[in-house]
Each structure stands twice: as C-alpha cells, then as structure tokens.
2 protein chains.
Amino acid sequence: MTEEPGEQDRGDGVESAAPRRRAAPTIYDIAHLAGVNPSSVSRALNQPGRMSAKTESRIHDAARRLNYRVNPMARALPTGRTNMIGLVIADITNPVVFSIVRGAERAAAERDYTLVLAESEESSDRELKVAERLLQSVDGLILATSRLDDSAVTRLAEAKPLVVVNRVVDNVPGVVADVSRGITEAVDLLALFGHRSVAYLSGPERSWISHARWRSIKERCDWSRMEVTALPTASPTVEGGRGAAAAVRSSGCTAVIAYNDLIAIGLMRELGMAGLQIPRDLSVVGFDDIFGSDFTVPPLTTIQMPLQRQGARAVELILDALKEDSAPRQSESGDLLTHLVVRGSVGPPRSRSAPH
Amino acid sequence: MTEEPGEQDRGDGVESAAPRRRAAPTIYDIAHLAGVNPSSVSRALNQPGRMSAKTESRIHDAARRLNYRVNPMARALPTGRTNMIGLVIADITNPVVFSIVRGAERAAAERDYTLVLAESEESSDRELKVAERLLQSVDGLILATSRLDDSAVTRLAEAKPLVVVNRVVDNVPGVVADVSRGITEAVDLLALFGHRSVAYLSGPERSWISHARWRSIKERCDWSRMEVTALPTASPTVEGGRGAAAAVRSSGCTAVIAYNDLIAIGLMRELGMAGLQIPRDLSVVGFDDIFGSDFTVPPLTTIQMPLQRQGARAVELILDALKEDSAPRQSESGDLLTHLVVRGSVGPPRSRSAPH
DNA sequence: CCAAGCTTGTCAATCGGTTGCCAATAGCGA
DNA sequence: TCGCTATTGGCAACCGATTGACAAGCTTGG
C-alpha cells in the first residue's frame with residue numbers, strides 16, 4: 001500500500017518462499033508510460049488508424065517496451081470472445097484423432113485462436129459434462145468423436161457455435177468426408193482381383209460413420225455384383241479385430257473391409273498367428289490410414305480419410321459462424337475426399353487367382 | 001434500452017439470421033430468483049457452510065434450476081486463476097506426445113482443470129511465441145518437448161509456474177524418467193545374447209534427453225565391457241532411421257539401441273528391404289514403446305517410458321506450485337521408472353550364437 | 001434487562017479491457 | 001482571422017464474479 005494499491009502485492013496470493021512472479025503489464029501501465037488514457041491504449045491497439053499516427057506509435061512503442069500482451073480473460077469479459085475453441089474427443093490415444101487434433105490446432109493457431117482439449121473417455125455422460133464445462137470458456141465447440149445422442153448435441157449447439165466431425169445431426173454443421181470415392185476404389189480393386197464375397201467388419205452400433213461406410217460399401221458391392229455381409233466387432237480396436245477373426249474365417253469371404261485400421265490390424269495379427277497368410281488367404285482393407293498402418297506385414301491397404309483437413313475445416317466452420325451470421329453452413333464434403341492407399345494387404349483370392 | 005440495459009441484447013453482437021443463443025445465467029439471475037444479494041450467491045457457491053443452511057440451499061436450488069455454470073473468465077479476473085493448464089508440444093503427430101497429453105489431460109480433468117494445447121511445430125521461435133500467448137490464459141505451463149534454450153525456459157518460468165518434461169533446466173521443475181533401469185535391462189539382455197559391439201543411434205544434437213540416454217548406455221556398456229559408439233541420425237523419425245542404415249552396417253556392430261522407436265522402425269524397414277533379417281543379422285532396441293511398435297515384424301523390443309505418468313506428474317507439479325509455495329520441487333524421478341519390453345527384435349548375434 | 005459476541009447477509013471496490021458518448025482539438029475554407 | 005466540421009482522446013459504465021468491511025439480527029451471559 002505504498003503508492004498504487006493493488007500494484008504492490010499482485011502476482012500470487014502468498015508471499016513467502018515462492019519464486020517471485022512479475023506481474024504482467026496492463027494497458028494502464030502503457031497509458032501511464034505513453035501519457036494517455038487507458039481507453040486510448042485499447043483503441044490504438046485494436047483499431048489501428050482510428051487515431052493520430054503519432055499517438056498510436058507512441059502507444060505501440062510503450063506496449064513493446066513493456067512487452068505487453070493482452071489479458072485474454074479481461075478481454076473476454078466485455079466482448080464475450082475468448083479466442084479459444086474447444087475440441088472434445090473420445091480417446092486421445094486413438095490415432096484417428098491425432099490428425100483431427102493437429103488439423104484443428106493448426107487452423108486455430110493460424111487465426112490466433114487457442115485450442116482447448118478435453119477427453120470424454122468414451123463416456124457420453126462425461127462428454128456432456130466436459131462439453132458443458134468447456135462451453136463456458138470457448139467461442140465454439142467441436143465434437144470430434146461424439147458419443148452423445150442427437151438431442152444432446154442439438155441442445156449444446158444452442159449455446160455456442162458447434163460443429164460435429166464425421167457425423168450428421170440435423171441443424172448442426174458437420175464435417176463429413178465423402179467416403180464413396182475411397183470405397184469405390186477399394187471395392188473395385190477387390191473386384192478386379194476376382195473377389196466375389198466380401199465382409200464388412202463394422203464399428204460401434206451407435207456410430208453414425210460406421211453405418212455410412214456400410215451403406216456405401218453395400219451399394220458399391222451391389223453394383224459390382226459382389227456378395228457382402230456385415231460382421232460385428234466387439235470394439236473398434238486391435239482387440240476387436242482379433243476377436244472377429246473366427247467369424248471372418250467361418251464366413252467364407254475372401255476379402256474384408258474393416259471399419260477402421262485398428263480392427264484390420266488386429267485381424268491380420270490374429271490370422272497371422274493362426275498361420276494364415278495375407279493377402280494369399282484373405283485380403284484386408286482398413287479405414288483411416290492411421291500412423292503405423294504401414295508398419296504391419298504386409299503393410300495395410302487402407303482408405304485414407306482427410307482427417308487433418310476435417311479438423312481444420314471444423315475450426316473454419318466455427319469461425320464462420322462466429323463472424324457473420326450467415327445461415328450455418330451445413331455439412332459439406334466438397335473437397336473432403338477419401339482415397340485408397342494401396343499397400344500389400346490386398347491380392348487375388350486363393351481359389352482363382354486370375355483377374356475377373 | 002427498454003428496462004434493464006445490457007440484459008436485452010446480450011448473447012451475440014449481430015442479430016439477424018443466426019441461431020438465437022441463449023445467454024448463460026449469472027449469479028445475478030440466481031440472486032434475483034433466490035431473493036438475495038449476488039455476493040451471497042458467490043459465497044454460498046464457493047464457501048459452503050458459511051451461511052445459513054436454509055439460504056444456502058435456496059441458492060443452490062436456484063442455481064440448479066437455472067443450470068448455472070460459473071463464467072471462468074469472470075472468475076479469472078479478480079482471482080487471477082483460470083483453471084487452465086497449458087501444454088506446449090513440438091509435434092502432435094509424434095506418438096511420444098500422445099501419452100504425455102493423455103496423462104496430462106486426465107490429471108487436469110480430475111482436478112477440474114482444463115488442458116490447453118499448442119503446437120510449436122518444432123520451431124523454437126514459434127514455441128516461444130506460443131508459450132507467451134498461452135501464458136496469459138493459463139495458471140501454469142508444461143513444455144513437453146521443448147526446443148527452447150535454457151535461458152528462454154528460465155525466463156518463461158518467471159511469469160507462471162512452469163514444468164519441463166524429459167529435460168533438466170536449472171531452477172525449473174522437471175519431470176524426468178529414470179532411464180537407467182530400462183537401459184540396464186536392455187544392455188544386459190544384449191550382453192546375455194553375446195553381443196560385444198553396440199551402436200547408439202542418437203537423437204537431435206540439442207536434445208537433452210538424447211544425451212542422457214547416451215550417457216546411461218555408455219556407462220552400462222562400459223560396465224559390461226562392451227564396445228559402444230554413437231551414430232548420428234538426420235532426424236528422430238522413421239526417415240532418420242532409414243538414413244542411418246548404411247552407417248549401421250558399416251559400423252560392424254551387432255546390436256543397435258535407437259534414440260526412439262521411430263528411428264528403430266525406420267532402420268528395421270530399411271534393412272529388411274536390403275534383405276537383412278532381424279534379429280538374426282542385427283538386434284534392435286527402441287525407446288518409448290510408442291503405439292505401433294508392436295506392429296512391426298519382428299515386433300520391436302523397446303525401453304518403455306512412463307510417458308502418461310510423466311504427463312500427469314507435470315500437471316501435479318504445476319498444481320503444487322499453485323497451491324502452496326513450498327520450495328519448487330525439483331525434477332524427481334522417484335517412481336518414473338523405465339523398463340524393457342522384450343519382443344522379437346533382439347536375438348543372438350550371427351557369428352557366435354551361444355550366450356556368453 | 002441490557003450489553004457483548006456471533007452469525008448472516010449486504011455494500012462496494014476491484015480485476016483488465018472495451019466502447020458509447022461527449023468534449024476538446026485540429027484542420028479547413030471563406 | 002473566424003467559424004464550422006471532422007478527428008482525436010477522455011470519461012465512465014459495464015462485462016461477471018470475488019472479497020474485505022461492515023451492518024443487522026440473533027443468541028447468550030452478567
């Protein structure tokens with residue numbers, strides 16, 4: 001309380017041994033140094049050109065000299081804008097989300113937004129809680145691998161701009177990749193090799209995207225006059241893939257398209273341990289092209305999703321919604337195409353190895 | 001300006017087509033509903049028991065009825081606490097950081113903290129910028145894979161509690177795993193198989209942890225009377241491992257310990273393509289036990305780092321520093337042990353295959 | 001029966017920036 | 001040189017919550 005109360009003991013509450021923190025400079029410090037009113041500082045910093053060049057540069061100099069950074073919390077209060085975007089994912093160790101996170105982080109950072117991350121650990125209860133908590137601190141929310149039902153998503157979307165990834169919810173913008181191209185390529189390749197019977201190792205029953213993939217696969221297989229059946233898996237993981245091996249073998253199919261790469265990898269490993277050879281005994285196609293899918297033997301042929309671009313696009317949609325209030329852009333898959341990455345896990349079926 | 005100015009047009013600035021957002025309830029709404037003063041609401045919510053049970057429960061009821069969540073920005077202003085922790089990483093697609101992120105996210109969420117993520121894209125300039133930006137909005141900062149030099153780290157640590165992971169910087173708390181146990185196990189296993197000459201494929205020249213690993217490997221090899229040399233790699237990636245294959249072959253060593261799994265995997269793939277067999281022609285040990293390190297053929301034997309625990313520990317250190325100002329705990333590796341995960345990439349050397 | 005001691009709740013200042021409104025100033029033409 | 005308008009900059013309210021100081025209400029003891 002020597003001179004400027006509140007300047008003296010700011011920083012951290014207790015004042016004993018802890019390393020002394022230097023308090024961050026404020027616009028008041030700048031105003032003092034530049035000899036102007038704090039509000040002028042705010043103006044100079046936020047609306048360049050609305051002030052005499054001389055004063056403006058004096059203020060900027062002072063700010064630079066003090067190494068000033070705006071306090072995002074203080075700014076957020078009156079404006080309601082935090083410059084943060086929330087990203088909720090089910091499981092951060094799922095390689096599928098890495099790319100989404102990266103794409104989102106990059107797109108956000110580029111526009112000076114900060115990404116806030118939260119994990120729902122595959123629980124829809126936790127997801128709701130986490131999303132509600134995040135919602136308070138961010139300008140918009142991305143649900144990357146949501147386990148919520150549509151109504152909950154819709155309700156969340158009422159509070160702040162919200163975008164879902166790889167999912168379609170009425171009236172909520174979504175970023176969905178167009179799987180048809182990749183699937184067409186995959187099915188066509190199998191057909192070319194002479195496969196006549198294919199199985200789809202499906203994902204979680206409640207997964208919108210798993211059904212979308214199945215529909216697309218079914219359609220293309222029908223078109224190619226191939227038999228196709230869906231086989232369930234216990235979980236969309238390596239373990240789930242392992243567990244499905246028996247069903248695959250007894251199904252009599254000669255090729256498999258898996259809901260994701262983890263399942264595909266699990267299946268290959270299990271069959272490999274049982275002495276089968278891939279692709280001689282079974283052709284396997286994965287989905288996503290995750291990190292490590294080329295480490296396997298043989299390397300996995302897989303349908304690559306534009307996950308990083310999807311993450312970036314999700315951020316862009318949020319920012320769009322924030323900027324103007326044009327009608328919320330609906331799920332558009334324009335440039336979000338998938339394509340087949342051909343590696344070693346697809347070949348001719350055992351019986352007839354000649355094409356066609 | 002009909003009645004309560006500022007109540008009418010809150011929500012979002014522009015008011016045309018955009019989906020109407022409902023404004024979040026405030027403590028004033030609660031106070032109004034419960035018929036008390038806003039400050040009583042704050043007290044009832046934050047200091048339970050300091051108020052008549054009756055009033056308190058009335059306030060809680062009102063809060064629940066309005067589905068009230070505290071506005072973190074508004075709270076952060078007077079308290080200086082944001083309940084957010086920043087995590088800066090070099091490259092989010094590096095599998096090593098997944099586990100750190102997960103550990104940190106879990107530990108943070110458990111204590112009602114939110115994790116804020118930023119990527120430096122391997123650039124120390126960007127890292128500094130990003131860290132300074134984050135510093136404004138968080139209560140503490142974790143540098144997981146920092147490319148900054150010590151002085152920059154020290155300077156950042158002056159502003160807010162800061163923790164580095166897998167690195168030691170004077171006067172800055174760090175979370176460093178004790179590599180000696182894993183390395184001892186690895187070197188001993190190689191010795192047991194009869195290897196006499198080992199190479200270390202090192203990481204980035206400026207990486208503290210790479211040197212630490214090298215020192216530990218050198219020490220144990222000396223102890224075992226094994227020859228050991230360090231071989232440089234161009235980068236700590238699969239590509240870097242590939243590029244080092246030639247040097248490894250001409251070095252005459254029979255076993256390799258790589259700075260990380262990516263290098264090990266790259267090396268194995270390159271050698272495999274050249275017709276060598278692992279472990280017959282070369283034993284390979286990786287570091288980290290990343291996702292996918294068991295997808296390779298043979299599966300990679302690797303020294304597992306407790307990355308997830310390290311991430312969690314980093315958060316705990318921040319929280320400690322925030323709570324009391326006990327002397328900042330210095331890098332302690334107590335329970336952060338490494339250990340060898342034995343898989344298929346280590347075997348007896350070609351020449352003499354009998355142990356010892 | 002009254003004063004002292006606790007509870008319980010209210011007031012008001014504050015955190016750091018933003019912004020509408022208005023006064024002071026500068027610039028301009030006549 | 002004067003008066004008018006276009007700029008420029010300052011004042012003050014406000015965003016939502018926290019918190020120290022204090023008043024009102026209650027209990028309790030002398």
What is the distance, rounded to the nearest whole Å, between atom [atom1] of [X] and atom [atom2] of [N]?
{"X": "B/Lys54", "N": "D/dC26", "atom1": "NZ", "atom2": "P", "answer": "11 Å"}
{"X": "A/Met73", "N": "C/dG17", "atom1": "CE", "atom2": "C1'", "answer": "13 Å"}
{"X": "B/Leu45", "N": "D/dA17", "atom1": "CG", "atom2": "C1'", "answer": "11 Å"}
{"X": "A/His32", "N": "D/dG9", "atom1": "NE2", "atom2": "P", "answer": "19 Å"}
{"X": "A/Asp29", "N": "C/dG16", "atom1": "CG", "atom2": "P", "answer": "9 Å"}
{"X": "A/Leu77", "N": "C/dT19", "atom1": "CG", "atom2": "P", "answer": "12 Å"}

Nearest to the [X] side chain among [options], which nucleotide is it?
{"X": "B/Asn71", "options": "D/dA17, C/dG17, C/dT19", "result": "D/dA17"}
{"X": "B/Val70", "options": "D/dA17, C/dG17, D/dG9", "result": "D/dA17"}
{"X": "A/Pro78", "options": "D/dT19, C/dT18, D/dA17", "result": "C/dT18"}
{"X": "B/Asn37", "options": "C/dC11, D/dG9, D/dG10", "result": "C/dC11"}
{"X": "A/Ile27", "options": "C/dG17, C/dT8, D/dA17", "result": "C/dG17"}
{"X": "A/Tyr68", "options": "D/dG16, D/dG9, C/dG17", "result": "C/dG17"}

Residue pair A/Thr114 / B/Arg133: nearest heavy atoms and the distance that separates them:
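Taking A/Thr114 first and B/Arg133 second, the nearest heavy atoms are OG1-NH1, 2.6 Å.
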Does [X] reach a base, just sugar-phosphate, or nothing at all? Heavy atoms under 4.0 Å.
{"X": "B/Val41", "answer": "nothing"}
{"X": "A/Thr79", "answer": "sugar-phosphate"}
{"X": "B/Ser52", "answer": "sugar-phosphate"}

Counting heavy atoms not belonging to B/His60, are there more than 12 under 6.0 Å from its NE2?
yes
Tell me if a side-chain donor or acceptor on B/Lys160 pairs with a main-chain N or O of B/Leu141 at a distance below 3.5 Å.
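No; judged by distance alone, with no hydrogens or angles, the pair does not exist.
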Does the base of C/dC11 carry an N or O that pairs as donor and acceptor with the side chain of B/Ser39 under 3.5 Å?
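Flag set: donor-acceptor pair detected.
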With distance as the sole criterion, do the side chain of A/Arg43 and the base of D/dG10 form a donor-acceptor contact below 3.5 Å?
yes
Below 4.5 Å, heavy atoms only, C-beta onward: do B/Val153 and B/Arg167 meet side chain to side chain?
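Counting from C-beta outward, B/Val153 and B/Arg167 do come under 4.5 Å.
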Does a nitrogen or oxygen in the side chain of B/Asn46 sit under 4.0 Å from OP1 or OP2 of D/dT18?
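Affirmative; the distance criterion is met.
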